[in-house]
Amino acid sequence: MTAAVTAAPPAPSRLADDDLDLLLLIRHFELALLDMFGRGELHGTTHTCLGQEYVPVALRPLLADGDHVFSNHRGHGHYLARFGDPHGLLAEVMGRQGAVCRGVGGSQHILRDRYLSTGVQGESVPVAAGVALHLRRAEPGHLALVHLGDGTWGEGAVYEGLNMAALWRLPLLLVVEHNGIAQSTPTSAQLAGDLAGRARAFGVAHTLVTSTDTNTVRAALAPVLRRVRERGTPAVVELRTHRVGPHSKGDDTRRPEEIGYARAQDWYARYARAYPEQFAAHDERQRRHVAEVVREVAGRPASRWEEAGRG
Amino acid sequence: MTAAVTAAPPAPSRLADDDLDLLLLIRHFELALLDMFGRGELHGTTHTCLGQEYVPVALRPLLADGDHVFSNHRGHGHYLARFGDPHGLLAEVMGRQGAVCRGVGGSQHILRDRYLSTGVQGESVPVAAGVALHLRRAEPGHLALVHLGDGTWGEGAVYEGLNMAALWRLPLLLVVEHNGIAQSTPTSAQLAGDLAGRARAFGVAHTLVTSTDTNTVRAALAPVLRRVRERGTPAVVELRTHRVGPHSKGDDTRRPEEIGYARAQDWYARYARAYPEQFAAHDERQRRHVAEVVREVAGRPASRWEEAGRG
Amino acid sequence: MAERVVENLNQALHALLADDPGLYLLGEDLVDPYGGAFKVTRGLSTRWPERVLSTPLSEGGIVGVAGGLALAGQRAIVEIMFSDFVALAFDQILNFASKSTAMYGRAVPMRLVVRCPTGGNRGYGPTHSQSLQKHFVGIPGLTLCEMSPFHDNRAVLAGLLGSGRPGLFFEDKVLYTNRMYADGVVDELFRYDLVGADGDVARVWVDDPEQCDCVLVVPGGLAVRAVAVARELLLRDDIVCQVLVPSRLWPLDVDGLLPAVARAGRMVVAEESTAGGTWGAELAQAVHTRRWKALRAPVRLVHSADQVIPTAAHLERTVLVQDADIHRAVKEVVTGA
Amino acid sequence: MAERVVENLNQALHALLADDPGLYLLGEDLVDPYGGAFKVTRGLSTRWPERVLSTPLSEGGIVGVAGGLALAGQRAIVEIMFSDFVALAFDQILNFASKSTAMYGRAVPMRLVVRCPTGGNRGYGPTHSQSLQKHFVGIPGLTLCEMSPFHDNRAVLAGLLGSGRPGLFFEDKVLYTNRMYADGVVDELFRYDLVGADGDVARVWVDDPEQCDCVLVVPGGLAVRAVAVARELLLRDDIVCQVLVPSRLWPLDVDGLLPAVARAGRMVVAEESTAGGTWGAELAQAVHTRRWKALRAPVRLVHSADQVIPTAAHLERTVLVQDADIHRAVKEVVTGA
Ligand SMILES: Cc1ncc(C[n+]2csc(CCOP(=O)(O)OP(=O)(O)O)c2C)c(N)n1
Ligand SMILES: Cc1ncc(C[n+]2csc(CCOP(=O)(O)OP(=O)(O)O)c2C)c(N)n1
Ligand SMILES: [Mg+2]
Ligand SMILES: [Mg+2]
């Protein structure tokens, strides 16, 4: 396992244009946010998924509208992959009209159709188990997917939810984006044993994916989702990934070699090198697209929160 | 594993007199409690350890005064094995003078020296990890032991505590009295996977003990405690045991064959058959001893709770 | 004689599950033949094995599962075996279920109720006897109700589930064994009716509902005790005390209480909670603010001591609120002592 | 200029760890070079790597570990990254740490403090902006304190740890960046001194500490805002408002407040908590009961709306208590409007 991670990653495969577009949309969206924060144009905080964009992109065609997705604090990519709606998300982050949650939720608290994110780590696992309990009975073949980080496995709620999901044979899929760190704390300092063991402890299937290549990841995930749907039983997928940016705005205290290592694994630069022509055109297009989104949304008036929607 | 449990248990080995006395003290203490409850002489509730008496008896010589023991709701045996003090415990249950916690804590909430029990399942695991953190630094060679049931592994607190104990290499020993049931719920309906996996998930050593023979159990546990002391790392011991009585006062809704099975495994009847002479004498002695304790304590005035001790 | 409160509650659950195929009931040890630690759920799992589930020991997780069911458009009732353990679900209640009703910028119905067997006087000791209602007052989006012998449990639970706000339902453990009051009759002296905007407040009076020396407000768990005190006050001290029992503790229906309070000019609130930050303090503040001029004395609060609740009966009594405490408080307020 | 509050707190922790070799500090991401989400713990782990530990994400578990250290006779301070997550430790606080001080029939010292970065106005959104103090009021055995620019953090934390009662310490996140007040001087108009039995209450006054039109009581997190309001009231409305800032929120030091309240006959309590079951209601009840005759009006409470706290600044403002709300309340109470 360790070997797979530390070896130089194999050359990326060529991506379909729409996958590449989505990857780059997410990338430029996140870069634009950090940029705006840097210029003091945003308040509050945000967690970008730089380096991890391929996870939701790989998952996208594997998910049906009827599936529930639970995202977390690092959720912009998850949202964009599901809805392709940078305007609504940026408006949410900026508190402008057209915000998907009227600016109330902000970056971390989003609900749209069957997509939900919230800000307390681990809380979503039992909640998703509850959704899966309903799905099993009312909509067999659909699943509830939870994105969570490696650090979130510190929370007891994860185990309570996983236990019930396994006991009751619920279609719950935990997608762990294991980026080796939780805020500033390396995994070795926060997680004893490993995730494979944590899944197996509950009799739950575990799949390790070390590739950051969208096609490869998708191919590895497809049978897992199929099994969760067909058997209606939970599964854990562990994706070894790399947090290329800071935890939130500018709080990266990793040593330069650690950051350098994460950067070296980044799909972005590697894909640019492998497919320079395809990349350059799409990259430029998405960069401009996001810039345009930023310009347009920044010009909107402040969001409104009508009384009816208030608690 | 299952095979070991369902096979007819091997004949018991001969016990030292003091072990037998302690086993029988606990047995008769518990029987006396149920008897008093049946006659309406006690109020509140109690959880007897009928069938599980050998666990603390086996552990007794393996523990030092400097070790911390965390007991749970089913803790009379744990207390009696540590302190040999039926008067103090009965006075506590009855709210009479000489009560070890003045009748405030009652059956489930006891603190004496380095022994503590409390009534919220799972809560003690992180607490014991905290104690172990202190022991590691200040009193190496000592350990913190937590008695917990199989059902208690539903609680997230157990995993949070175990994770920290493993990460920080703390001398924490979890002694699981796996009696196959939690109140009325069989283990198969409350615990996915198994305890061995739960321990291994955290990189923690796991030992399974299926015998109910005090000598055998002690021999199996001795090296585990030694390792925890010497290496200062956590361990999980799983004892397959049998709840011979009801969960608390009279709430046993198991099917007759289930209760019959538990009874058939009970060390008490089997030991009586195997060593009739030794047994009869000691049994009679402890029965009378407990009867005398009951008589004496029942005659005491109500316990007093001085203002100074009040929160 | 009317049915016992526990039977009324059990029948309420039967009816709710029969009426609503999307309603789930979750909790520890609640399937048959055990039927729950307090036997409230008897017979339910036999009729609806798919929707009445015994869970592992995982209070936080169970409430999370209920939140997920609610999010998916279903309904869920959770039983916490002893309300003391609802502390383990505080995060799910505060940060998920209640928040979700509003934090996504629009009203999201969250139809779940957490049932909490509550209170002392049964010798279960410090971690199994608490009255934690007060700690949940003032969570935006959350409703608190308490079981009472005056309020049909089916109506109360249906109301909670229908509101779209998550609810906690506190059930006094001793009250389970009492009988429901019915047909406006408490006993040969006292009658009752339901007042307030939605008939949420039970009003217990003697002779004339518009006439009393003092208003005594209690949650349902103290209703039987409050009636006994009112009786004693009448017979022994010639004090006419009107007892008001709101089913909903939060948000407060102050309007349902104010007329009686204004007429009497005196109010006592009694509850079993230990001292500090009580429900009564919140009620008192509302009354002080809204009927300042009409009050002849400050609202008087009666509650248990600022103490852990001991196990032994003779010690438990020294901490938990007693009928005599309530009696004394009303008498002092009325006589100005 | 005086040091920033966050520096004062950081230095307090340095001093406490230096003084007490049995003191531990636990929390998420608090070791160097990160030094905690709010940089409160900078430099500590470098000096005491064995006793300053970054933990996994396990709020309940961490408080449990602290309880274990306390039980073993040690001292522990826990940092909860955002106080919203202290909900996950509710059980350990309520049912273990607080209970253990008394439920074993004798006084057992439990020397631990849970630090809770609290409050809004930073755009962190509904689950990272709450003020949850009120939910912990009235837990037997538990003390609540709040960081203030008047109270030296070292003294407050040492007091908490020394008391043998577990404590929660609420730290307003915006206050971190403000400066401590020193030497009895607030600004060119206002002075302050420390009053009450143990000097726990900071009293801010202009000209004459015994003279004012209204008393404004706030916890430390609102102190800077309350002073600004008092200034405005003086300059704009000619109202003399004395600000009282107790460091300890619970148990209440009512005696420290009563003299000023009795003299003024008017009191306002402001806090950032959302409506319902507030700290202010408890304070008000104590004052209504103890100084009924001296009051010219009911105690007025000011707090945030009964709402989730939105992320966007322009919406957050519509929910969180604003200086203008406090100003208006004082003015209304004084003018009888
Ligand atoms: C219950 C809880 N505790 C702490 C936090 C603060 N926090 C937000 S993200 C984070 C680290 C999460 O690490 P991980 O799960 O590995 O996800 P990553 O940030 O690496 O994507 C922390 C500590 C939180 N949001 N919720
Ligand atoms: C947090 C919590 N939830 C529920 C209970 C009620 N309760 C007490 S013992 C018990 C069953 C425990 O089962 P197990 O851990 O297997 O121990 P056993 O009773 O079999 O010894 C339950 C549900 C409790 N005390 N604490
Ligand atoms: Mg991570
Ligand atoms: Mg068991």
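Residue numbers begin at 1 in each chain, while the letters A, B, ... track the order of the sequences. A quick note: this is a predicted structure, and the numbers were derived from the prediction, not measured.
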Residue [X] versus chain C: region with a heavy atom under 4.5 Å:
| X | answer |
| --- | --- |
| R137(A) | side chain |
| F70(A) | side chain |
| L135(A) | neither |

How about CD on E41(A), more than 12 heavy atoms from neighbouring residues, nucleotides or ligands closer than 6.0 Å, or not?
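Buried by this count: over 12 neighbours within 6.0 Å.
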Is any side-chain N of the basic residue among R154(C) and D19(C) closer than 4.0 Å to the acidic one's carboxylate O?
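D19(C) and R154(C): salt-bridged.
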Chain C interface, residue from V131(A), V104(A), L111(A) that has the most non-hydrogen pairs under 4.5 Å:
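The option with the most such pairs is L111(A).
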Quick check on the interface: out of L167(A), V125(A), T118(A), who has the most heavy-atom pairs with chain C under 4.5 Å?
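Sorted descending by pairs with chain C, the first entry is T118(A).
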Derivation of the salt bridge (charged side-chain N to carboxylate O under 4.0 Å, His left out) call for K134(C) and E282(C)
CA-CA 9 Å; K134(C) 65 183 182 185; E282(C) 182 64 21; over 6 Å; no
Report which part of [X] has an atom under 4.5 Å of a heavy atom belonging to chain A: side chain, backbone, both, or neither.
| X | value |
| --- | --- |
| L53(C) | side chain |
| L71(C) | side chain |
| V108(C) | side chain |

Cation-pi check, R112(A) onto F83(A) ring (under 6.0 Å, within 45° of axis)
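The answer is yes, since R112(A) meets both limits relative to F83(A).
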Are K99(C) and Y104(C) in a cation-pi contact, defined as NZ or CZ under 6.0 Å from the six-membered ring centre and within 45° of the axis?
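No, cation not above the ring by the 6.0 Å, 45° rule.
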Between R248(C) and D253(C), is there a side-chain heavy-atom distance shorter than 4.5 Å?
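Heavy-atom side-chain distance check passes, below 4.5 Å.
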